[in-house]
Amino acid sequence: MITTTRVRSLARLATEPPRAALDVAALAAVWPVLATARRGDGQPVLVLPGWLTGDAATMPLRTALRALGHDVSAWSLGRNRGPTGRVVQELRSRLDLLHRNSGRRVSLVGWSLGGLYAQELARAAPASVRGIVTLGSPVTRRAPWMRSASGMVDRGPRLPRGVDAVPRPWAERGSLRVPATSVYSRSDGIVPWSSCRYEHRPRRENVEVRGSPLGLGYNPAVLWVLADRLGMAEGAWRPFEPPAALRPFFPHSR
């Protein structure tokens, strides 16, 4: 028997594409406001795509961040098919290179599964990471559905070679010692929104936006959050507060 909750989830999933299109339209409408957002000072930013997507999906987001003064890098690893040994090794090497070449700590922006990679990188190399922002990512590692998902991947017939030797991002151990912002939408038809919320701790926050998870990279509220978080001076972290002009895009925060 299909429950009411399940029906609602399926309905949200089916309407993801048109809702994502609305996010794109909203971005064009409020771009003049976004142009007044906090600007960066050339700090390095690494953007990580979601599952089964690649750099093409994050191009608008990266373009916007560059326009705001950040030195933005794509992940350049093709389509994101999961945490294979090659992906984990390459990402750690890329983070180390960006940190070494710039002489500065790197901010990580991860969309969906990319957000879990951002957390893993931050745990593995906190001295190289300035902070992370996740977009529609299931940051709560103890959620029952994540344990089920991990088991399904482990038993799956198409498990990528080498992935069995890599800890699942949702089973990663260790503390997260850098500032972290989780951006989520309650209308998410892909990931349960409750799993996208951090527990209340210092320098952790949850920012709710209106919109589709497929459109988070084009959502004007998300881009404002990114500009605000990435543009803060290192060591000067403060909780996010939306501007009055964009407050309707933020139902709740933290």
Side-chain angles (χ1 to χ4, degrees), residues 8-9 11-13 15-38 45 47-51 53 57-65 67-68 70 107-116 118-119 131-140 179-200 203-232 237-254:
R8 288 175 180 169
S9 297
R12 288 172 180 167
L13 181 60
T15 59
E16 285 294 341
R19 288 192 291 129
L22 290 176
D23 291 330
V24 176
L27 174 60
V30 302
W31 183 255
V33 177
L34 288 173
T36 67
R38 195 196 303 263
V45 178
V47 179
L48 309 174
W51 187 51
T53 67
T58 65
M59 184 180 295
L61 186 153
R62 289 183 284 115
T63 299
L65 293 181
L68 289 169
H70 301 285
S107 293
L108 304 176
V109 176
W111 192 348
S112 189
L113 179 58
L116 299 183
Q119 288 193 131
I132 69 174
V133 181
T134 62
L135 312 179
S137 301
V139 296
T140 303
T181 299
S182 174
V183 181
Y184 70 98
S185 170
R186 290 181 188 248
S187 63
D188 197 324
I190 299 174
V191 176
W193 66 266
S194 59
S195 68
C196 298
R197 291 178 56 88
Y198 284 115
E199 295 178 358
H200 181 68
R203 301 196 304 171
R204 303 262 187 99
E205 63 181 349
N206 305 299
V207 180
E208 182 183 350
V209 299
R210 302 185 192 278
S212 159
L214 292 182
L216 287 177
Y218 323 103
N219 187 308
V222 173
L223 291 177
W224 185 275
V225 173
L226 286 169
D228 187 83
R229 301 293 83 187
L230 299 179
M232 283 189 299
W237 189 90
R238 297 182 62 183
F240 174 76
E241 290 291 343
L246 293 179
R247 197 170 296 277
F249 289 91
F250 298 94
H252 304 88
S253 60
R254 289 184 299 284

Heavy atoms only: give me the nearest [X]-[Y] pair and the separation to one decimal.
X: Asn219; Y: Gly211; value: ND2-CA, 4.0 Å
X: Pro179; Y: Trp237; value: CB-CD1, 3.6 Å
X: Leu216; Y: Gly136; value: CD1-N, 3.5 Å
X: Tyr218; Y: Ala57; value: OH-O, 3.3 Å
X: Ala118; Y: Leu48; value: N-CD1, 3.8 Å

TODO: Anything under 30° is parallel, anything over 60° is perpendicular, the rest tilted; go ahead and classify Tyr184 against Trp193.
DONE: parallel
For [Y], does its backbone N or O pair with a side-chain atom of [X] as donor and acceptor, under 3.5 Å?
X: Arg210; Y: Pro248; answer: yes
X: Ser185; Y: Ser212; answer: no
X: Ser137; Y: Gly114; answer: no

TODO: Please assess Ser112 against Ile190 for the test side-chain contact (heavy atoms from CB on, under 4.5 Å), listing each intermediate value before the final yes or no.
DONE: CA-CA 10 Å; Ser112 189; Ile190 299 174; 5.6 Å; no
[X] [atom1] to [Y] [atom2] distance, which is reported to the nearest 0.5 Å:
X: Thr134; Y: Asn206; atom1: OG1; atom2: CG; value: 8.5 Å
X: Thr140; Y: Glu199; atom1: OG1; atom2: CD; value: 7.0 Å
X: Leu226; Y: Leu68; atom1: CG; atom2: CG; value: 9.5 Å
X: Arg204; Y: Ile132; atom1: CZ; atom2: CD1; value: 8.0 Å

- [ ] Applying side-chain contact (heavy atoms from CB on, under 4.5 Å), name anything that partners Ser107, two or more places apart in sequence or on another chain.
- [x] Gln43, Val45, Arg130, Leu230
Open item on the list: Using the rule given for side-chain contact (heavy atoms from CB on, under 4.5 Å), can you reason through Leu116 versus Leu113, listing the C-alpha separation, both sets of side-chain angles and the distance that settles it, and then say yes or no?
Closed with: CA-CA 5 Å; Leu116 299 183; Leu113 179 58; 3.9 Å; yes
Task: Check against side-chain contact (heavy atoms from CB on, under 4.5 Å), Thr36 and Trp224 - done: CA-CA 9 Å; Thr36 67; Trp224 185 275; 3.9 Å; yes
Tell me, do [X] and [Y] make a side-chain contact under 4.5 Å, heavy atoms counted?
X: Leu61; Y: Leu135; result: yes
X: Phe240; Y: Thr181; result: no
X: Met232; Y: Arg38; result: yes

- [ ] Please report the C-alpha distance between Val133 and Val222 in whole Å, then the side-chain angles of each, then the deciding distance to 0.1 Å, and finally whether the side-chain contact (heavy atoms from CB on, under 4.5 Å) criterion is met.
- [x] CA-CA 10 Å; Val133 181; Val222 173; over 6 Å; no
Open item on the list: The criterion is salt bridge (Lys or Arg N to Asp or Glu O under 4.0 Å); which residues satisfy it with Arg238, sequence neighbours excluded?
Closed with: none
